[in-house]
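Just the heavy atoms: all of them, side chains too, but no hydrogens, waters or symmetry mates, feed the values below. Just so it is clear, the structure is predicted and the values come from calculations on it, not from any experiment.
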Amino acid sequence: MSLLDYFKFQRAPTFSDTDDGETSELSKNISLKYGALHKVSNYVGRGVSKAKFVLKGPDAQRLSYWLYKLNVEPNPNQTASQFLGEIGKAMIEDGEVMIVAYKGNLYVADSYSKEEESLEGNKYHVTSIQGMTFDEVFKSDDVILLKNENDSLNNYLEKLWADYGELLGRVINRQKTANQIRFTFTQPKNKIREMAQEAADGERKESNQQRFFNRVVKKIKTDSVVGIPLGDKGSYAEFSSKGTGTGRVTFIDDIDGLLTQYVDDVCQVVGLSPALLHGELADNQKNYEMAIEVVFEPILRKFIDGLQRAIFSEEEYQRGNRVKVTGLHQYNLFDVATSGDKLIAAGLAMADEIREEIGLEPLP
């Protein structure tokens, strides 16, 4: 079962018919866990979507059709950035991605299974693409299967989040008792005797007193200020957690702190700096460069390996044809100008090669 399947399973608990409509503590725990995972996967998806592909080699012009598919429109329903972003997200949430070449377009398969194993190439049965039912068997030559080797991601998060789930349950229970409204509502003695007699006779119906009680409870739940009229023989007394609000962390702060901790833990496993997701500015460029090296480029490297297998024959690859990715790094032209001049003067690079590295088109 993939990581996302685990979360889908946990996020849909079955509520009993007696549930009062409030989200159970388990659902809240899983929502926070998935929220942290989703936040990290979204960031990875945005980073990977910046990639731009370049074909290098003697046959690059002849194979330029692939550049349009990779950099503009991989399929009729997605742009290149959307397609790459989906790949990046799925690599974190699912742990693997299958890209299918179908009728000259590239798609990410939603659901698939291994149809046949063979040393000469497996076959895969794809049952869903872009939310639509699909039924097709593909050879290994027609698919690109990307897998994330970070096996500890699933196991580590399941064990760690089980502990945090217990912690969050205790936090919620504490806050419930700290802010709970408790009150007593005394019935006149004659009314109590009447209700007991009606219950014994099996003829009890909802009385005016009961309807009044229900309205009071509803008002307390929905209104900030509630006036309760009482008769001569009725009484009302409220018991609240007096003084518990002073100097205590609010429920929202507890939840926010726990979500931050979840995000930090996911980042640690994936290899991202938590400062990038929390919006901190200190060492932001250094953290982003590390994210490219540790997270974005390994995902794209796997994609490039699959692309080169799909695009080039063995002879074309031996002639020096390659797929290269640019656009991930952020460069300031004025910062690289001096270094570029030195490289050109030393004969180590040409102007177009430097422009390609910083994501610019070749000079006319």
Name each donor-acceptor pair under 3.5 Å that joins a side chain in residues 133-141 to protein atoms two or more places apart or in another chain, with its distance.
unit_1	atom_1	unit_2	atom_2	d
D135	OD1	H125	NE2	2.5
D141	OD1	R309	NH2	3.2

(message) Is it the case that atom CD in Q61 sees more than 12 heavy atoms from other parts of the structure closer than 6.0 Å?
(response)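 No.
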
(request) List in chain and number order the residues that pass side chain to side chain contact (heavy atoms under 4.5 Å, CB included) with Y65, two or more places apart in sequence or in another chain; answer none if no residue qualifies. (result)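 Partners of Y65 under the side chain to side chain contact (heavy atoms under 4.5 Å, CB included) test: K69.
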
(request) Could you list the residues that satisfy side chain to side chain contact (heavy atoms under 4.5 Å, CB included) with A349, not counting sequence neighbours? (result)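 Side chain to side chain contact (heavy atoms under 4.5 Å, CB included) check on A349 returns L343, E353, I354.
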
I'd like to check the side chain to side chain donor-acceptor pair (under 3.5 Å) partners of [X]; sequence neighbours left out, ordered by chain and number.
| X | value |
| --- | --- |
| Y43 | none |
| S49 | none |
| E96 | Y112 |

(message) If hydrophobic clusters are built by linking Ile, Leu, Val, Met, Phe, Trp and Tyr wherever their side-chain heavy atoms come under 4.5 Å apart, do V108 and I304 end up in the same one?
(response)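 In one cluster with V108: I304, yes.
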
(request) For residues L277 and V40, determine if any side-chain heavy atom of one lies less than 4.5 Å from a side-chain heavy atom of the other. (result)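 Heavy-atom side-chain distance check passes, below 4.5 Å.
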
What residues, two or more places apart in sequence or in another chain, satisfy salt bridge (Lys or Arg N to Asp or Glu O under 4.0 Å) together with [X]?
| X | result |
| --- | --- |
| D341 | none |
| K103 | none |
| E117 | K114 |
| K52 | E361 |

(request) Just grab all the salt bridge (charged side-chain N to carboxylate O under 4.0 Å, His left out) pairs involving residues 293-306, residues at least two apart or on different chains. (result)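 Every salt bridge (charged side-chain N to carboxylate O under 4.0 Å, His left out) pair that includes a residue of residues 293-306, provided the two are not neighbours, is E149-K302, R301-D305.
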
(request) Can you sort out the partners of F296 under ring pair (Phe, Tyr, Trp, His ring centres under 6.0 Å), two or more places apart, ordered by chain and number? (result)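 Per chain and number, F296 pairs via ring pair (Phe, Tyr, Trp, His ring centres under 6.0 Å) with no residue.
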
